[in-house]
Visitor: 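Before I ask anything, let me first share the structure, which is written out below as structure tokens.
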Amino acid sequence: MPPKISLTRYLVEQQRMDGHIPPELRLLLEVVARACKSISQAVNKGALGGVLGTAGSENVQGEIQKKLDIIANEVLIEANEWGGHLAAMASEEMDGIYLVPNRYPQGEYLLLFDPLDGSSNIDVNVSIGTIFSVLKKPDDRAGVEEQDFMQAGNRQVAAGYCVYGPQTMLVLTVGDGVAMFTLDREQGSFVLTAENVRIPEDTSEFAINMSNMRHWDVPVKRYIDECLQGREGPRGKDFNMRWIASMVSDVHRILIRGGVFMYPWDNREPKKAGKLRLMYEANPMSWLVEQAGGVASNGKQRILDIQPTKLHERVSVILGSKNEVDRVTGYHAKL
Ligand code: P6P
């Protein structure tokens, strides 16, 4: 049995090899991982912990907040605010940015997160997760404001998620490939269980919420229709479909065995670019997918090149196996 490589050892050895993880960033990632362990404990308690159901409030997105949404948000804030590695945080569950209180030292990093993605699955015991993205604060002046977060996804210095499923797994990139860690509950630490993860360039599996079909744009309708025609159709092969309604779980499956995940623009609310949020869902997931050899597009451009203008802005997401995403973006180009 090879020696167990802990998250800490992995980060130290990565820093030694290629300098991608300065000590402050390593501290940040270890603190986020510890927070995810606490969230995992709370999630695993379920009804026994009195954490199911709604909190009776709405978030900035106008969505009903689950008790665990708020618990996860608080765990991440409390874990990260005192360490001296952060200047500010932003969360799906908070309207504006959260400045590190003056009683703590300010750091150079900005942490963004969706504290509990897929929370509609909490009460039905289906996997959910935490998604996080790390940016550097522009160093041209003191203090920090929302405008400092308006950086394209190609400026991220770290990105990852923790999926609370049959295993609790942390998946991470700092720009040198994708590594996966499985929580060893006996040791209480994340142990390296996969690295240099690669997404197969071809797939026969797509993930999309089919109930929205009548609202999709033509290129998406064409792509899905051709998949549904199977081997008798233009694709010449049968396709399988998955939709967990938890982006973390759908993306995790794609990192493991390939596939294409789509939450495209649709005409239900034409002014909205999409359902998913750019800064703390699409950007971190897109970097992970690209670092594993996949492609992530909004149909017309690389997601990581989108210049954000609002903290909670939404985006159309098509990501996964390179040749399938290229096909979908090719259909958009023919519009
Ligand atoms: P729908 C969860 O609420 C989420 O933000 C993603 O995790 C997931 O992929 C999507 O929304 C599910 O949306 O419309 O199918 O419920």
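Along the sequence shown, residues are numbered consecutively beginning with 1. Each ligand, and each atom within it, is numbered from 1 in the order the structure gives.
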Visitor: Would Tyr161 and Asp117 count as a side-chain contact (heavy atoms from CB on, under 4.5 Å) here? Give the steps.
Guide: CA-CA 10 Å; Tyr161 61 82; Asp117 174 69; over 6 Å; no

Visitor: Which atoms of ligand 1 are found less than 4.0 Å from any heavy atom of Ala245?
Guide: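 In order of number, 2 (C), 8 (C), 12 (C).
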
Visitor: Take Glu324 and Arg235, measure what salt bridge (charged side-chain N to carboxylate O under 4.0 Å, His left out) needs, and give me the verdict at the end.
Guide: CA-CA 11 Å; Glu324 289 303 307; Arg235 300 302 309 275; 2.6 Å; yes

Visitor: Regarding ligand 1, does Lys275 bring an N or O atom to under 3.5 Å of one of the ligand's N or O atoms?
Guide: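 Lys275 vs ligand 1: N/O contact under 3.5 Å present.
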
Visitor: Can you confirm, on distance only, whether ligand 1 has an N/O atom lying under 3.5 Å from any N/O atom belonging to Trp243?
Guide: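 Min N/O separation from ligand 1 is below 3.5 Å for Trp243.
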
Visitor: State plainly whether the residues Asp250 and Arg253 are in salt-bridge range, i.e. N to O under 4.0 Å.
Guide: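 Looking at Arg253 together with Asp250, the answer is yes, because their closest N to O distance falls below 4.0 Å.
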
Visitor: Need the ligand 1 atom indices (1-based, order shown) with element for anything under 4.0 Å from a heavy-atom of Glu281.
Guide: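 Listed by number with element: 5 (O).
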
Visitor: For atom 9 (O) of ligand 1, grab the closest protein heavy atom and report residue, atom and distance to one decimal in Å.
Guide: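 Ranking protein heavy atoms by distance from atom 9 (O) of ligand 1, first comes Met247 N, 3.5 Å.
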
Visitor: Identify whether the distance between the nearest side-chain nitrogen and carboxylate oxygen of Glu281 and Lys275 falls below 4.0 Å.
Guide: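 No, Glu281 and Lys275 are not salt-bridged.
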
Visitor: Provide, to 0.1 Å, the distance between atom 14 (O) of ligand 1 and the closest protein heavy atom, together with that atom's residue and name.
Guide: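 Heavy-atom neighbour on the protein nearest atom 14 (O) of ligand 1: Tyr263 OH, 2.7 Å.
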
Visitor: Please tell me whether Ser133 and Asn283 have a donor and an acceptor in their side chains that are separated by less than 3.5 angstrom.
Guide: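 No, no side-chain donor-acceptor contact under 3.5 Å.
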
Visitor: Just jot down the ligand 1 atoms closer than 4.0 angstrom to any heavy atom of Phe261, in number order.
Guide: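 The list of qualifying atoms is 9 (O).
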
Visitor: Give the single entry among Gly118, Ser246, Gly129 that approaches atom 2 (C) of ligand 1 most closely by any heavy atom.
Guide: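 Considering heavy atoms of Gly118, Ser246, Gly129, the nearest to atom 2 (C) of ligand 1 sits in Gly118.
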
Visitor: On the 0 to 90° scale, with breaks at 30° and 60°, tag the Phe206-Phe239 ring pair as parallel, tilted or perpendicular.
Guide: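 Taking Phe239 first and then Phe206, their aromatic rings sit tilted (interplane angle of 30° to 60°).
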
Visitor: Counting only heavy atoms from other residues, nucleotides and ligands, does the tally under 6.0 Å from CZ of Arg268 exceed 12?
Guide: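 Yes - once you tally the heavy atoms of other residues, nucleotides and ligands closer than 6.0 Å, there are more than 12.
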
Visitor: Short N/O distance, under 3.5 Å, between Asn212 and ligand 1?
Guide: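 In this structure, Asn212 places no N or O atom under 3.5 Å from an N or O of ligand 1.
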
Visitor: How about Glu58: does its CD atom have over 12 heavy atoms from other parts shown lying under 6.0 Å from it?
Guide: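 Yes.
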
Visitor: May I ask you to check whether Asn209 has an N/O atom sitting below 3.5 Å from an N/O atom of ligand 1?
Guide: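 There is such a contact, yes.
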
Visitor: What are the atoms of ligand 1, with element, lying closer than 4.0 Å to any heavy atom of Arg277?
Guide: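 Listed by number with element: 5 (O).
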
Visitor: Is the closest heavy-atom distance from Ser120 to ligand 1 below 4.0 Å?
Guide: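 Ser120 does not count as a contact of ligand 1 under the 4.0 Å cut-off.
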
Visitor: Does only the side chain of Leu276 get under 4.0 Å from ligand 1, or the backbone, or both, or neither? Count heavy atoms.
Guide: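 The answer is the side chain.
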
Visitor: Considering residues, nucleotides and ligands other than Asp139, do more than 12 of their heavy atoms fall under 6.0 Å from its CG?
Guide: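 No, the 6.0 Å shell around CG holds no more than 12 heavy atoms from other groups.
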
